[in-house]
Amino acid sequence: METKTLRGTTALLQSLMAEGVDTIFGYPGGTIMPLYDDLYNYTDKINHILVRHEQGAVHAAEGYARSTGKVGVCMATAGPGATNFVTGIADAMMDSTPVVCITAQVNADKLGTNFFQEADMISITLPITKWSYQVTKASEIPETIAKAFYIAKSGKPGPVVISLTKNAQVEMTEFNYNKEELIKEIKINESDVKCEDLDEAAQLLNNAKRPLIIAGHGVAIANADETLRELCEKGNIPVAATLMGVSVMNSYHPNYIGAVGMHGNIAPNRMTQEADVIMAVGMRFSDRVTGEIKGYAPKAKIIHVEIDRSEINKNVRAHLPLRGDAGKILEELNKRIKFVERKEWFDFAHELMAEEDKRIFNPKLNSTEEILMGQVVAKITEATGGEAIVVTDVGQNQMFSARYSKFRQHKSFITSGGLGTMGFGLPAAIGAKVGNPNRQVIAILGDGGFQMNIQELGTIMQSGIDVKIVLLNNSFLGMVRQWQELFFNRRYSFTHLDNPDFQQLVSSYRIATAKISRPSEIEESVKQMLESDGAYFLEVQVKEEENVFPMIPAGATLDEMIF
């Protein structure tokens, strides 16, 4: 590439374009004004989405990244603009989401002086990023961008923060973007797996009478969904998913048995406790998956496929760790796996699935009194044929969405798992739709989380983003209320919400809206929503005191599931 002399902001924008960036979610301000002034010249090449709050920018970048597999990009000014990124950055770190967050900073010669809107973003974000770096001169920009994108995407993905001083934005610098040359010193070895390890893993699976594969978010990150499907079919092995792994397997596949964990399905939770071999792929054995670790999978030898060395043996001791890219490891195992008839094991799975249908699903889906959350989610799946991208907020809406949705494509269920960030859903759905303009994107939200980033309705209005929003309104912080009911003697301490008239509020943003309160109205209202042009808001008045079951209480084992 020819060397050119460019202003710092131009070098930054051309570096981003060299990385394939076509979308930025952001909010301007004083210190980042030179960059925004230059961005004015690139509106035909970069789509800038003006959010209404910087936290919304990060979550939108997360939704974009999680649904496309690309790196999400967001930017904000210095001081409060930058610090408003923090929750989103922490969320991206916990959920291994590759985002590059560009924040402005005061002039380099004013650093440490408490200059107007100075905030030390490097120190603030160091514990919640893969890398944080402060650019103090324009000449650093190309190398910093190259490293940022490599670090955000490589290994276990995550967020990177670049703090860009104002002088670095306006200085002139020589520009030549040769990525391989710029990152040659930081490339890392991402695998320790030996052939004998793969042979042992295949032998364990081939000889197992009750094997179980648990697929996590790492399968989606590695684009290994088809490789996983091939493995489970070749070996005739049932597959379960973590919450973050929902949609990595086609929900209609005969080997898929549902999700594990606190509000997971009966079959995979009970089968975890009976399995003789568990292969965990791209998951970290979160407490929400394992319950009390001392009672977790007592009969199983565990094969842990994981790219992050720090996750191996951190929570659950692995009999055989396989550190490396999930897709490459599964490809190698596919060469070694054998078909084994496991009729009794699958019969056990089907009995448990039938039990859940009888005890949980059928009674809820057939209720004719107040609307139940699962009814709405199931009707959405039915109407979309399992082809939509579903983005949730956090709480009961999230768990009902995970339990009652079905998916045919991977990267179709997007939620905040590790940090559990209320307010995630609406902006993340914006990012998912921007990244997937030809797919139906449905945000399923609770009334609590919706109001935490409700201002992003303005982003939808201004940018004309065709997101379908379903509000499950129970006038409570539903998940907290459920715990208060079950474990705090129904002492509903500050969980009831006096809500505004959402119909008037959403209408003021010029978004089509409707409200229903009877089960008989669900099917037609969902159809109307999906057939509408542009954004649509469907408010569903649901039962106030509905609970998500089954449930594994905090501190209990998977054997102590309650109904």
Side-chain angles (χ1 to χ4, degrees), residues 66 69 95-97 156-157 201-202 204-205 208 210-265 267-269 271-272 275 277-286 288-290 296-297 300 302-308 311-312 315-316 318 320-334 337 345-346 349 353 386 390 402-403 405-415 417-418 558:
R66 295 260 300 277
D95 285 346
S96 305
T97 305
K156 183 179 181 180
L204 282 169
L205 291 169
R210 301 180 305 280
L212 177 64
I213 297 171
I214 304 178
H217 184 207
V219 176
I221 292 170
N223 293 311
D225 53 304
E226 283 301 308
T227 317
L228 174 66
R229 178 195 56 76
E230 183 182 349
L231 180 70
C232 81
E233 291 176 353
K234 278 188 171 183
N236 196 31
I237 301 170
V239 178
T242 65
L243 177 68
M244 294 292 293
V246 168
S247 84
V248 298
M249 272 288 287
N250 186 324
S251 305
Y252 302 89
H253 194 285
N255 287 41
Y256 182 67
I257 59 170
V260 295
M262 177 174 280
H263 291 291
N265 296 104
N269 278 336
M271 291 171 75
T272 296
V277 174
I278 291 175
M279 184 166 76
V281 187
M283 59 168 281
R284 59 188 179 87
F285 292 106
S286 158
R288 287 302 194 259
V289 166
T290 64
Y296 181 72
I302 292 176
I303 304 165
H304 192 183
V305 180
E306 170 59 49
I307 200 165
D308 183 359
E311 294 292 354
I312 294 173
N315 295 330
V316 171
L320 178 61
L322 300 176
R323 192 186 80 85
D325 178 86
K328 293 176 182 177
I329 291 172
L330 294 179
E331 282 179 11
E332 289 300 318
L333 288 175
N334 276 332
I337 204 74
W345 188 226
F346 275 98
M353 293 165 83
V390 172
R403 289 180 52 77
S405 295
K406 290 186 178 180
F407 301 98
R408 295 187 188 275
Q409 299 186 49
H410 75 305
K411 294 185 173 71
S412 292
F413 182 72
I414 298 171
T415 194
L558 299 191

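Only a predicted model underlies this, so the values are computations on that prediction, with no experimental measurement involved.
- Counting only distance, with no hydrogens or angles, the side chain of Arg323 and the backbone of Ile307 share a donor-acceptor pair below 3.5 Å.
- Ile414 is not listed as a side-chain neighbour of Val390, based on a closest heavy-atom distance of 4.5 Å or more.
- Considering every non-hydrogen atom in both Pro321 and Ile312, the closest pair reads CB-CG2, 3.4 Å.
- Applying the ring pair (Phe, Tyr, Trp, His ring centres under 6.0 Å) criterion to His304, with sequence neighbours excluded, gives Phe285.
- When each of Ile329, Ile213, Leu322 is checked for a side-chain contact (heavy atoms from CB on, under 4.5 Å) with Val281, only Ile213 meets the rule.
- Between the side chain of Asp325 and the backbone N or O of Lys328 there is at least one donor-acceptor pair closer than 3.5 Å.
- Not counting sequence neighbours, Arg284 has no partner by the salt bridge (charged side-chain N to carboxylate O under 4.0 Å, His left out) test.
- Between Ala208 and Val277 the shortest heavy-atom distance is CB-CG2, 3.7 Å.
- Using a 4.5 Å cut-off on side-chain heavy atoms (C-beta onward), Val260 and Ile214 make contact.
- Side-chain N or O atoms of Ser286 include one that pairs as donor or acceptor with a backbone N or O of Arg288 at under 3.5 Å.
- Side-chain N or O atoms of Arg403 include one that pairs as donor or acceptor with a backbone N or O of Gly264 at under 3.5 Å.
- Listed by chain and residue number, nothing satisfies the side-chain hydrogen bond (donor to acceptor under 3.5 Å, both in side chains) test with Asn269 (two or more places apart in sequence, or in another chain).
- Here the side chain of Asn334 pairs a donor or acceptor atom with the backbone of Thr227 at under 3.5 angstrom.
- Residue pairs meeting the side chain to side chain donor-acceptor pair (under 3.5 Å) criterion with at least one partner in residues 251-264, sequence neighbours excluded, are Glu233-His253.
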With a cut-off of 3.5 Å and sequence neighbours excluded, list every side-chain donor-acceptor pair involving residues 240-249.
unit_1, atom_1, unit_2, atom_2, d
Thr242, OG1, Met244, N, 3.4
Thr242, OG1, Gly245, N, 3.0
Ser247, OG, Ser412, N, 3.1
Ser247, OG, Phe413, N, 3.4

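- Between Ala259 and Pro268, the closest heavy-atom pair is O-CG, 3.3 Å.
- Contacts of Lys234 classified as salt bridge (charged side-chain N to carboxylate O under 4.0 Å, His left out), with partners at least two apart in sequence or in another chain: Glu230.
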Applying side-chain contact (heavy atoms from CB on, under 4.5 Å) to Thr290 and Asn315, what does each step give before you reach the verdict? CA-CA 9 Å; Thr290 64; Asn315 295 330; 5.9 Å; no

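- Rounding to the nearest 0.5 Å places CG of Leu212 at 10.0 Å from CE of Met279.
- Salt bridge annotation for Glu306-Lys156: absent, with no cationic side-chain nitrogen under 4.0 angstrom from a carboxylate oxygen.
- In this structure, Ile302 CD1 and Leu204 CG are separated by 11.5 Å, a value rounded to the nearest 0.5 Å.
- The shortest side-chain heavy-atom distance between Phe346 and Pro254 does not fall under the 4.5 Å cut-off.
- For the pair Val239/Ile257, no side-chain contact is recorded, criterion being any heavy-atom separation below 4.5 Å from C-beta on.
- Salt bridge status for Glu226 with Arg229: present, with a side-chain N to carboxylate O gap under 4.0 Å.
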Could you tabulate the donor-acceptor pairs under 3.5 Å formed by side-chain atoms of residues 216-225, not counting sequence neighbours?
unit_1, atom_1, unit_2, atom_2, d
His217, ND1, Asp95, O, 3.2
Asn223, OD1, Lys411, NZ, 2.4

